[in-house]
Amino acid sequence: MHRRPAMAIQTHREFCPADRYLYDFGLCSSGNGFAQMDTKQDASYYGNWCNPTRRVVFSYVEGDCTTQVADTDEEFARLVRESAEWHDTHGYGPLRLDPGFNAELKAALIRVGLEDLLH
């Protein structure tokens with residue numbers, strides 16, 4: 001049996017009634033180093049973003065906000081890939097990363113090994 005090593009992920013949850021656009025154009029914008037994690041599930045009440053420099057994955061689901069912070073690039077890439085797998089399994093895939101027109105963000109996603117998930 002193959003076991004994955006345990007990840008050292010910090011997780012913070014809170015409730016923030018709003019919509020995803022608060023994050024799209026604010027905290028989770030490409031200017032702040034976040035790429036949208038685009039899926040078929042995306043709507044005003046649902047969105048996911050990731051920041052490879054800070055190793056953060058942020059999810060907004062009907063006001064429930066989850067922030068996950070990885071200690072290493074490998075853990076960060078695994079978080080993103082697990083999200084992609086979940087979306088595929090539940091019929092909301094494929095997940096694609098959209099760095100916008102931010103060349104540094106795109107380069108950082110490539111550096112951590114996520115080039116195959118880019119739009």
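In what follows, every heavy atom counts, from backbone to side chain, and hydrogens, waters and symmetry copies are set aside. Just so you know, these numbers come straight off a predicted model, no measurement behind them.
For the pair R20 and Y46, the tightest heavy-atom approach, listed with the atom from each and the gap, is NH1-O, 3.0 Å. In terms of heavy atoms, R96 sits closest to L118 at CD-O, 4.0 Å. Shown here for L79 and A70, the closest heavy-atom pair between the two residues is CD1-CB, 4.3 Å. When all heavy atoms of P99 and S30 are compared, the pair lying nearest together is O-CB, 3.5 Å.
Ring-plane geometry between F58 and Y23 is classed as tilted, the angle between the planes lying from 30 to 60 degrees on a 0 to 90 degree scale.
Following chains of ILVMFWY side-chain contacts shorter than 4.5 Å, one cannot reach L114 starting from V56, and the two form parts of different hydrophobic clusters. Hydrophobic cluster membership is shared by L117 and L105, with clusters built from Ile, Leu, Val, Met, Phe, Trp and Tyr side chains linked at under 4.5 angstrom. Under a hydrophobic-cluster definition in which Ile, Leu, Val, Met, Phe, Trp and Tyr are linked whenever side-chain heavy atoms come within less than 4.5 Å, directly or via other members, V57 and W86 are assigned to different clusters. Connection of V112 to I9 is established within a shared hydrophobic cluster, with ILVMFWY side chains joined at heavy-atom distances below 4.5 Å, either directly or through further cluster members. Residues L109 and V69 do not share a hydrophobic cluster, defined by chaining ILVMFWY side chains whose heavy atoms lie under 4.5 Å apart.
A salt bridge links R81 with D116; the closest basic N to acidic carboxylate O contact falls under 4.0 Å. Taking the charged nitrogens against the carboxylate oxygens, D73 and R55 do have a contact shorter than 4.0 Å, which makes a salt bridge.
Under a cut-off of 6.0 angstrom, the local environment of CZ in F101 is sparse, with at most 12 non-hydrogen atoms contributed by other residues, nucleotides or ligands.
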